[in-house]
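Any value given below was found using the heavy atoms of this structure, including those in side chains, with hydrogens, waters and symmetry copies removed. Just so it is clear, the model here is predicted, and its values are computed rather than measured. Just so we're on the same page: letters track the sequence lines, and every chain starts at 1.
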Amino acid sequence: MQDYLNELNDVQRDAVTNIKGPVLVVAGPGSGKTRVLTYRIANIIENGVPPWEILALTFTNKSAREMKERIAKVVGSRANNVWAGTFHSIFARILRVEAEKIGYPSSFTIYDTQDSKSVISSIIKEMNLSRDRYNVNAIASRISSAKSSLIPPKLYTQMKELIQQDSINKRPKIHVIYAKYMARCKRAGAMDFDDLLFQLYYLLHKNPDNVLDKYRKKFKYLLVDEFQDTNYLQYAIIKKLVKYDGSDNNICVVGDDAQSIYAFRGATVENILDFEKDFKGLKTFKLEQNYRSTTHIVQAANAIIGHNTKQIKKKIWSHKGDGTKIRVIKAMSDSEEGKRVADTIVEQKTRSHFSNSDIAILYRTNAQSRIFEEYLRRYNIPYKVFGGTSFYQRKEVKDLIGYLRLAINQQDEEALKRVINYPKRGIGKTTVEKISAKAGENDISMWEAMDYVELPAGAMKKIKAFKTMIKAFIDKSTTMDAYDLAAYAARQSGIISTLKADTSVEGLSRLENVTSLLDGIKEFVENDEVEEGVELTDDKSLASYIQNIALHTNQDEEEDGNFVTLMSTHSAKGLEFKSVFVVGLEENLFPSFMAMKSPQGIEEERRLFYVAITRAEEYLTISFANSRYRHGKHSNNSPSRFLNEIPLENLESSFSMSKPTSGTAVRPQRSGVAGNFKKARTQAKLSINVADFKPSPSALIKEGQKVLHLKFGEGVVEQVDGRGDKKVATINFPQIDNPKRRLMLKFAKLQIMSEE
DNA sequence: TGACTGTGGGTTTTT
DNA sequence: CCCACAGTCA
């Protein structure tokens with residue numbers, strides 16, 4: 001028997017060695033779920049199955065990568081040939097091969113959420129519907145859930161219940177918008193996130209050239225991680241692949257109903273319950289021993305989840321010892337909450353010798369990160385914020401990507417609309433509307449419509465010039481590699497010169513972001529490492545880089561380094577830290593006011609809280625504030641109901657309001673405006689004594705002075721320009737990369753060290 | 001016809 | 001607070 005099997009407990013080993021037939025693994029938090037999955041795959045390979053016949057589906061690129069690394073530790077490089085990836089990326093890869101069978105170009109664009117909403121927005125506008133009544137977000141989520149339930153527009157129109165709901169909500173035209181939206185995406189050669197699932201289902205369902213058989217034969221072993229987070233459509237695809245006459249039903253799903261936190265995007269726990277009915281002879285294994293957390297934490301978690309009505313019975317236990325009781329921080333304000341959490345981090349670092357990477361701050365909404373960033377920066381504690389707007393969603397980055405997308409797929413209307421007048425080249429709203437109308441009349445793409453539309457001579461000339469430029473990109477895309485072409489496009493389009501002309505701090509950071517993107521593309525071109533999956537991506541063309549960018553999230557960034565982790569509770573799933581701070585435990589925030597309308601909503605928030613606290617190994621601290629700034633306004637909220645669900649015996653006794661601490665409250669500043677993407681939010685390690693730092697009034701900052709900045713260290717003011725609030729100082733900070741920074745004096749905290 | 005400025009309204013989580 | 005739009009000016 002192989003070594004790795006000895007690292008498992010009895011239940012885990014059973015789950016690993018029963019490789020034939022359907023298996024359900026119910027895995028509590030910290031119960032070694034990933035270990036079971038990876039060893040199971042390794043075991044399948046050891047049993048002589050070629051790795052490329054194994055398909056492992058996850059929800060994040062990160063967990064796929066981690067899984068593959070761990071498989072490699074057991075079976076070596078063979079792990080690279082396992083098809084492991086997210087639902088979306090694996091399906092996108094299949095669709096690239098098969099797209100033409102369902103009427104899409106294989107170079108189809110993937111629309112991200114922004115793109116989808118923009119399409120919906122223009123449809124609403126064209127139909128002359130009220131923007132207030134037809135709220136884009138509401139429509140988008142309605143369409144998304146229809147797709148995720150396998151209801152195409154035609155069927156939607158026939159479903160009395162849906163139509164009735166829409167008319168009650170006074171939005172009877174949704175089914176029309178939906179149909180137009182689908183047509184518009186198709187015309188643009190684009191698939192949105194849901195399409196990657198939806199279109200794959202229809203490919204398998206319609207089965208042109210018997211593709212279904214091809215993939216059934218290809219994937220003999222299927223594994224699904226986080227099964228509780230799959231939606232109806234995902235499960236339908238899984239069944240297409242595995243459940244048929246003569247199938248071996250080699251499927252293993254792993255999940256925890258108590259950690260189902262994605263109902264808002266269609267996930268349904270029903271899938272776990274249905275799984276038992278759909279696959280006869282199912283073997284179920286329950287992993288109940290928690291290896292992660294101490295008993296106080298596990299007990300509290302069990303008590304909290306006990307308040308939910310529906311769940312699979314299981315008893316999670318730990319023998320790591322009682323450990324430390326849970327601490328609760330009561331703060332008067334969000335600012336005080338930030339300070340006290342930062343104080344506690346300092347305390348834990350010195351008393352328990354934790355390093356930064358042992359610590360995480362978890363919040364319900366990404367917007368909460370700012371205040372913690374502010375204090376961690378003050379205390380010189382390196383941190384990294386995950387989630388929020390990803391790098392690829394920043395305007396300037398999307399602008400350049402827009403050109404690249406257009407070079408690959410000229411039908412891509414969202415890309416076209418984005419770049420046709422950026423940088424400004426005098427092609428205004430009216431002209432674009434005319435092109436769009438022409439495209440609509442003739443059911444052709446806007447790119448084609450540009451040849452037929454009737455315009456005044458001036459506008460015509462500008463359009464021609466634009467088209468010529470893009471054609472040059474297309475031509476070069478056959479000879480240049482991704483980097484050269486991207487750099488060429490960045491210059492030719494005028495993006496670089498436009499950004500260079502903007503000398504504000506924000507402008508500078510935008511330019512740096514574009515440079516970072518180019519650097520990233522260069523890295524892609526030069527990187528000779530093997531990518532995930534069986535088909536080695538030795539394709540360094542722009543297309544192969546650009547096509548999966550929408551699927552790339554900033555969770556995927558490599559993250560070695562010693563920093564405190566800041567992320568949303570959703571993003572934290574699957575992770576663990578010695579010390580965890582779950583912050584903002586207030587009614588209307590956690591649970592979110594959006595979820596408070598329904599009991600199911602509350603139960604999902606409770607599961608989310610359960611996920612959050614079970615990330616902790618040794619220390620768990622929970623905090624809330626009596627008042628906080630939200631959307632620029634003060635708001636007061638009572639402590640979260642979830643706090644009362646924690647048994648008293650698991651709480652530190654001092655669960656009483658501590659006195660507000662002496663430190664003055666600060667409002668967060670805009671952070672990370674200067675510095676490039678990777679470095680921006682991780683703090684430079686400069687030893688500045690925070691207590692001694694006293695910013696000088698900005699009016700006193702003059703050329704030639706030596707100044708001190710908390711993040712950048714010592715520097716020399718080289719130039720001050722602008723007047724009043726708009727004063728900008730150019731300062732040389734020799735201790736950092738990119739030493740020249742332009743800081744808005746209104747915001748910059750600088751301490752004058754000496755006059756020159 | 002396009003560029004710019006002020007106002008009003010929404011407001012969660014993610015592939 | 002941030003974004004999208006409407007209304008105004010060149």
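- Proximity of A:N231 to the phosphate of B:dT15: no side-chain N or O atom is located under 4.0 Å from OP1 or OP2.
- Pairs engaging residues 585-595 of chain A under the salt bridge (charged side-chain N to carboxylate O under 4.0 Å, His left out) rule: A:E586-A:R628, A:E587-A:R641 [sequence neighbours left out].
- At a threshold of 4.0 angstrom between heavy atoms, the contacts of A:F193 include nucleobase atoms, whether or not backbone atoms are also involved.
- Atom OH of A:Y232 has 12 or fewer neighbouring heavy atoms from other residues, nucleotides or ligands inside a 6.0 Å radius.
- Here A:K434 lies in heavy-atom contact (under 4.0 Å) with sugar-phosphate atoms only.
- Nucleotide B:dT13 holds its C1' atom 14 Å from the CZ atom of A:F59, rounded to whole Å.
- Rounded to an integer number of Å, the gap from CZ of A:R364 to P of B:dT13 is 7 Å.
- Side chain of A:T86, nearest nucleotide from B:dT15, B:dT1, B:dT12: B:dT15.
- Using a 4.0 Å heavy-atom criterion, one finds that A:Y262 contacts the sugar-phosphate atoms exclusively.
- Screening residues 107-128 of chain A for salt bridge (charged side-chain N to carboxylate O under 4.0 Å, His left out), with sequence neighbours left out, gives A:D112-A:K398, A:D115-A:K398, A:D115-A:R405, A:E126-A:R184.
- Applying the ring-ring contact (aromatic ring centres under 6.0 Å, His included) test to residues at least two apart or on different chains, the pairs with a partner in residues 584-603 of chain A are A:F590-A:F609.
- Computed from coordinates, the A:K461 NZ to B:dT1 P distance equals 18 Å when rounded to whole Å.
- Taking atom CZ of residue A:R607 and atom P of nucleotide B:dT14, one finds them 17 Å apart after rounding to whole Å.
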Footprint string (nucleotides 2-11 of chain B, 5' to 3'): B base within contact, S backbone only, - free, heavy atoms under 4.0 Å: SS-------B
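- Counting non-hydrogen atoms under 4.0 angstrom, A:S592 reaches a base of the nucleic acid.
- A salt bridge does not link A:D256 with A:K33: none of the charged nitrogens is closer than 4.0 Å to a carboxylate oxygen.
- The nearest whole Å value for the distance from the CZ atom in A:F198 to the C1' atom in B:dT15 is 17 Å.
- In this structure, OH of A:Y363 is placed 15 Å from P of B:dT12, rounded to the nearest angstrom.
- Nucleotide B:dT12 holds its C1' atom 17 Å from the CZ atom of A:F609, rounded to whole Å.
- Look at A:K395 and you won't find any side-chain N or O under 4.0 angstrom from OP1 or OP2 of C:dC3.
- Here A:F264 counts as stacked on B:dT13: its ring centre is under 5.5 angstrom from the base ring centre and the planes meet at under 30°.
- Using a 4.0 Å cut-off, some side-chain N or O of A:N366 falls inside it from OP1 or OP2 of B:dT13.
- When ring centroids are compared, A:F642 and A:H307 stay outside the 6.0 Å threshold.
- Taking only side-chain nitrogens and oxygens, A:S571 comes nearer than 4.0 Å to OP1 or OP2 of B:dT14.
- For A:F198, the ring-ring contact (aromatic ring centres under 6.0 Å, His included) test picks out A:Y202, with sequence neighbours left out.
- The side chain to side chain donor-acceptor pair (under 3.5 Å) search around A:T58 returns none, not counting sequence neighbours.
- Applying the 4.0 Å criterion to OP1 and OP2 of C:dA4, one finds that A:S121 has every side-chain N and O outside that range.
- Between the P atom of B:dT12 and the NZ atom of A:K573 lies a distance of 20 Å, rounded to the nearest Å.
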